[in-house]
Amino acid sequence: MEQWRDKVSAYEVDTIFIGGGTPSVLAAEEMEIVFQGIYDNFSVNGHKEFTVECNPGTVTREKFDLYRQAGVDRISFGMQSAMEDELKILGRIHSYRDFLNSYHLARKTGFDNINIDLMSAIPKQSKQSYENTLKCVTELEPEHISSYSLIIEEGTPFYELYAENPPVDEDTDRWMYERTREVLKNAGYERYEISNYAKEGKECRHNLKYWKREEYLGLGLGASSLLSHTRFSNERDMSLYQGQIDRGEYPVTEIEKLEREEEKAEFMYLGLRCMKGVSMKRFQECFGENMEECFGQEISWCQSRGLLEKKGDFISLTKRGIDVSNRVFERFI
């Protein structure tokens with residue numbers, strides 16, 4: 001943070017997000033150092049959203065009180081499932097009871113903007129168990145819900161077990177996807193991005209920055225950033241990272257200076273993740289060019305197949321387009 005202070009002194013920070021990993025494992029006095037560092041080194045007094053990710057069972061009243069005093073106004077819980085056997089399969093350290101205790105403690109401490117992460121297509125997960133998880137979550141009435149299907153990443157124990165034999169068949173996975181949308185819509189949640197749902201006015205401002213290609217600075221091990229038309233990420237090896245910091249070096253390992261054509265493509269395939277879609281006016285403001293002149297062929301191809309639609313200034317995915325969104329995004333890469 002001290003290294004970056006002068007380089008970003010012209011920026012006014014409007015969202016802060018502490019997460020990726022489990023920051024709530026830090027003791028209150030350790031987290032206080034992080035908070036103080038943020039306020040000492042950046043212009044954040046006018047921020048509009050401050051999120052801390054928390055793992056159930058790793059928070060206390062003392063920690064929540066500190067978060068509130070530091071200006072944190074949004075908590076994100078990685079619940080994943082309400083079923084104990086599914087949590088064990090995922091290797092989660094918490095039980096569903098731990099999650100409930102942590103959630104209610106956050107409410108008692110005064111947090112009125114809470115996100116819950118859900119996961120579908122978990123090994124041995126059934127339609128009935130997932131339905132039960134959806135029911136448990138909606139009854140709690142969090143302001144925001146993120147719902148993701150389990151991705152089997154190469155190099156993980158799950159990959160060895162399920163690479164050739166997916167844990168949930170395609171039809172069940174599809175049913176869970178559709179059921180999520182139906183249940184959350186009926187419970188008053190608006191889908192504003194492919195995997196994210198929120199009550200009115202409670203969309204995650206910070207995450208919207210990623211999809212709108214606004215600038216952000218990532219701090220810490222492996223963190224990524226987008227500043228001045230450049231994407232870069234930090235060292236992922238802890239000893240190398242610490243050594244560079246100690247020597248006064250920036251621990252940046254990957255730097256990609258974005259060409260104009262790359263930025264235009266990103267504008268399209270990241271922005272189309274949002275249900276509102278991409279603004280032709282904003283495209284013109286960003287690049288000084290007409291979106292339909294740049295991507296007319298790609299847009300027409302998708303429109304002719306019922307994957308994209310035009311509503312006033314916006315071009316957005318149709319319901320069918322959402323279902324095959326990666327196919328749409330590929331047209332712009």
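One-based numbering along the sequence shown. Note that the structure is predicted; figures quoted are calculated from it, not measured.
- To the nearest 0.5 Å, atoms CD1 (Ile18) and CZ (Arg74) are separated by 13.0 Å.
- Atom-to-atom distance recorded for Leu105:CG and Asp65:CG is 8.5 Å, nearest 0.5 angstrom.
- Using a 4.5 Å heavy-atom threshold, the side chains of Ser149 and Ile151 count as separate.
- Within the 4.5 Å cutoff, the side chain of Tyr11 has heavy atoms near those of the Leu227 side chain.
- At a threshold of 4.5 Å between non-hydrogen side-chain atoms, the residues Met31 and Val52 count as touching.
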Item to check | Ser43 and Glu12: CA distance, side-chain angles, deciding distance, side chain to side chain donor-acceptor pair (under 3.5 Å) verdict | outcome: CA-CA 5 Å; Ser43 178; Glu12 289 286 334; 2.9 Å; yes
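- Between Lys264 and Glu261, at least one side-chain nitrogen of the basic residue sits less than 4.0 Å from a carboxylate oxygen of the acidic one, meeting the salt-bridge criterion.
- Using a distance-only test at 3.5 Å, with no hydrogens or angles considered, no donor-acceptor pair links the side chain of Ser129 to the main chain of Gln125.
- Checked by atom type and distance alone, the side chain of Gln242 never pairs as donor or acceptor with a backbone atom of Ser239 at under 3.5 Å.
- Both tests pass for Arg68 against the ring of Phe111: distance under 6.0 Å to the centre and angle within 45° of the axis.
- Put simply, the side chain of Leu258 reaches to within 4.5 Å of the side chain of Leu226, judged on heavy atoms.
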Checklist entry - Should Glu293 and Asn290 be marked as a side chain to side chain donor-acceptor pair (under 3.5 Å) after you check the CA-CA gap, both sets of side-chain angles, and the distance that decides it? => result CA-CA 5 Å; Glu293 288 179 4; Asn290 183 287; 4.9 Å; no
Item to check | side chain to side chain donor-acceptor pair (under 3.5 Å) evaluation trace for Glu182 with Asn186 | outcome: CA-CA 6 Å; Glu182 293 169 2; Asn186 291 336; over 6 Å; no
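- Evaluation of the side chain to side chain donor-acceptor pair (under 3.5 Å) test over residues 22-35, restricted to residues two or more places apart or in two chains, returns Ser24-Thr58.
- In this structure, Asp173 contributes its side chain and Glu170 its backbone to no donor-acceptor pair below 3.5 Å.
- Put simply, the side chain of Asp40 does not reach to within 4.5 Å of the side chain of Arg5, judged on heavy atoms.
- The nearest pair of heavy atoms linking Pro123 to Ile89 is O-CD1, 3.3 Å.
- Ion pairing between Arg231 and Glu266 holds under the 4.0 Å rule for side-chain N and carboxylate O.
- In the hydrophobic clustering of this structure, Phe99 groups with Leu134; members are Ile, Leu, Val, Met, Phe, Trp, Tyr whose side-chain heavy atoms approach within less than 4.5 Å, directly or through other members.
- Clustering ILVMFWY residues whenever any of their side-chain heavy atoms sit less than 4.5 angstrom apart, transitively, puts Leu272 in a cluster other than the one holding Tyr210.
- Taking 4.0 Å as the cut-off between side-chain N and carboxylate O, Glu178 and Arg181 count as a salt-bridged pair.
- The existence of a salt bridge linking Glu139 and Lys135 is confirmed by a sub-4.0 Å separation between a basic side-chain nitrogen and an acidic carboxylate oxygen.
- Considering only residues two or more places apart in sequence or on other chains, His47 meets the ring-ring contact (aromatic ring centres under 6.0 Å, His included) condition with Phe50.
- Counting heavy atoms from C-beta outward, Val44 and Ile38 have side chains that approach closer than 4.5 Å.
- Once rounded to the nearest 0.5 Å, the distance linking CE of Met238 with CG of Leu240 reads 11.0 Å.
- Evaluated for a side-chain hydrogen bond (donor to acceptor under 3.5 Å, both in side chains) with His144, the options Tyr192, Tyr197, Tyr189 yield exactly one hit, Tyr192.
- Between the side chains of Ser147 and Tyr177, no donor-acceptor pair of N or O atoms lies under 3.5 Å.
- Side chains of Phe42 and Ser9 form no contact here, defined as non-hydrogen atoms less than 4.5 Å apart.
- Partners of Glu263 by salt bridge (charged side-chain N to carboxylate O under 4.0 Å, His left out), not counting sequence neighbours, listed by chain and number: Arg213.
- Looking at heavy atoms from C-beta onward, Ile122 lies in side-chain contact with Leu90 at the 4.5 angstrom threshold.
- In terms of modelled atom types and a separation under 3.5 Å, the side chain of Arg320 and the main chain of Arg305 share a donor-acceptor contact.
- Screening residues 243-284 for ring pair (Phe, Tyr, Trp, His ring centres under 6.0 Å), with sequence neighbours left out, gives Trp4-Tyr250, Phe267-Phe283, Phe267-Phe287, Phe283-Phe287.
- A salt bridge does not link Glu190 to Lys199: none of the charged side-chain nitrogens sits closer than 4.0 Å to a carboxylate oxygen.
- Electrostatic pairing of Asp323 and Arg174 counts as a salt bridge here, judged by a charged N lying under 4.0 Å from a carboxylate O.
- Sequence neighbours left out, the pairs with a member in residues 302-333 that pass ring pair (Phe, Tyr, Trp, His ring centres under 6.0 Å) are Phe295-Phe332.
- Asp169 and Thr172 form a side-chain donor-acceptor contact under 3.5 Å, judged by distance and modelled atom types alone.
- Tyr39 is linked by a side-chain hydrogen bond (donor to acceptor under 3.5 Å, both in side chains) to nothing, counting only residues two or more places apart in sequence or in another chain.
- Put simply, the side chain of Glu49 never gets that close to the backbone of Asp73: no donor and acceptor are under 3.5 Å apart.
- With sequence neighbours excluded, no residue forms a side-chain hydrogen bond (donor to acceptor under 3.5 Å, both in side chains) with Glu62.
- With sequence neighbours excluded, the residues satisfying side-chain hydrogen bond (donor to acceptor under 3.5 Å, both in side chains) with Glu214 are Lys209.
- A donor-acceptor contact shorter than 3.5 Å is absent between the side chain of Glu235 and the backbone of Pro251.
- For Ser279 (side chain) and Lys281 (main-chain N/O), a donor-acceptor pair under 3.5 Å exists by modelled atom type.
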When the side chains of residues 76-85 are checked against the rest of the protein, which donor-acceptor pairs come out under 3.5 Å, sequence neighbours left out?
unit_1 : atom_1 : unit_2 : atom_2 : d
Ser76  : OG     : Asn115 : ND2    : 2.8
Ser81  : OG     : Met83  : N      : 3.0
Ser81  : OG     : Glu86  : OE1    : 2.7
Glu84  : OE1    : Tyr96  : N      : 3.3
Glu84  : OE2    : Tyr96  : N      : 3.0

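- Under the 3.5 Å distance criterion, the side-chain polar atoms of Ser225 are matched with a main-chain donor or acceptor of Gly218.
- Remark: side-chain polar atoms of Glu131 are not paired, donor with acceptor, to backbone N or O of Lys127 under 3.5 angstrom.
- Looking only at distances, a side-chain donor or acceptor of Thr318 sits under 3.5 Å from a matching main-chain atom of Gly306.
- Arg92 contributes atom CZ, which lies 11.5 Å from atom CG of Asp98 (distance to the nearest 0.5 angstrom).
- When hydrophobic residues (I, L, V, M, F, W, Y) are linked wherever their side-chain heavy atoms come within less than 4.5 Å, Val168 remains an isolated member.
- Residues Met280 and Leu308 are members of one and the same hydrophobic cluster, defined by side-chain heavy-atom contacts under 4.5 angstrom among Ile, Leu, Val, Met, Phe, Trp and Tyr.
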Give the table of side-chain donor-acceptor pairs shorter than 3.5 Å for residues 296-303, with sequence neighbours excluded, one pair per line with atom names and distance.
unit_1 : atom_1 : unit_2 : atom_2 : d
Ser300 : OG     : Gly296 : O      : 2.9

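- Grouping Ile, Leu, Val, Met, Phe, Trp and Tyr by side-chain contacts under 4.5 Å, direct or through others, leaves Phe17 on its own.
- Ion pair Arg282/Glu289 not flagged as a salt bridge, since none of the NZ, NE, NH1 or NH2 atoms sits closer than 4.0 Å to an Asp/Glu carboxylate oxygen.
- Separation of atoms CG (Asp112) and NZ (Lys202) is listed at 5.0 Å; rounding is to 0.5 Å.
- With values rounded to the nearest 0.5 angstrom, Leu307 atom CG is found 12.5 Å from Lys319 atom NZ.
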